[in-house]
Structure formats: structure tokens, C-alpha cells
Amino acid sequence: MTTRERAYARANNQRAAQYTEMWIVGSPEDLAAMLHAARSTGRLVYVSAPHQMGGDDTRHRRYLRLRTH
């Protein structure tokens with residue numbers, strides 16, 4: 001591996017380590033509480049629109065991207 005390739009790999013790893021991405025599932029009230037906590041700490045970067053789970057399941061799911069630092 002060349003020096004340039006090592007530097008590029010290191011930079012990509014550092015960028016990837018800055019965020020945690022996850023799907024959260026729960027009732028709309030539970031999701032609202034989780035999002036409020038993430039916003040108040042300044043960690044929330046992105047949140048998707050709520051999507052219903054489908055069928056008789058009344059829960060919703062949302063995609064989050066949070067800062068790790």
C-alpha cells in the first residue's frame with residue numbers, strides 16, 4: 001500500500017467514525033422523546049420522516065445519523 005493509499009484510508013476511517021447511523025422503532029411518543037434527547041445534546045445530524053411498520057403494527061421507524069463526538 002502506498003503512502004497516498006494509507007492516507008486516504010485513514011481519512012475515510014476518521015470520517016466514518018464521526019457518525020453513528022441507526023434505525024429506531026417505537027411508538028410516536030417514544031420516538032419523539034428520543035429525538036428530543038438527541039437534539040438537546042447536539043448529536044442529531046439527520047432524521048428521516050416516520051414510516052409505519054405496516055400491518056396491524058402501530059409502531060413507526062425512523063433513520064437517525066448522530067455525531068459520535
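In what follows, residues are counted from 1 in the order of the sequence shown.
- Under a 3.5 Å cut-off, the side chain of Thr68 and the backbone N or O of Gln18 do form a donor-acceptor pair.
- Panel note: side chain Arg62, backbone Ser48; a donor-acceptor pair is recorded below 3.5 Å.
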Any chance you could lay out the side chain to side chain contact (heavy atoms under 4.5 Å, CB included) test for Arg67 and Tyr19, step after step, and finish with the verdict? CA-CA 5 Å; Arg67 282 187 189 85; Tyr19 302 104; 4.1 Å; yes
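- From Tyr46, atom OH reaches atom CG of Leu66 across 13.0 Å, with rounding to the nearest 0.5 Å.
- Hydrophobic cluster membership is shared by Val47 and Met22, with clusters built from Ile, Leu, Val, Met, Phe, Trp and Tyr side chains linked at under 4.5 angstrom.
- One distance of note links CG of Leu31 with NE2 of His60; it measures 8.0 Å at 0.5 Å rounding.
- More than 12 heavy atoms of other residues, nucleotides or ligands shown are found within 6.0 angstrom of NE2 on His51.
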Check the pair Leu35 / Leu64 against side chain to side chain contact (heavy atoms under 4.5 Å, CB included), numbers first and verdict last. CA-CA 9 Å; Leu35 292 175; Leu64 299 179; 3.3 Å; yes
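- To the nearest 0.5 Å, atom CZ of residue Arg65 and atom OG1 of residue Thr20 are 10.5 Å apart.
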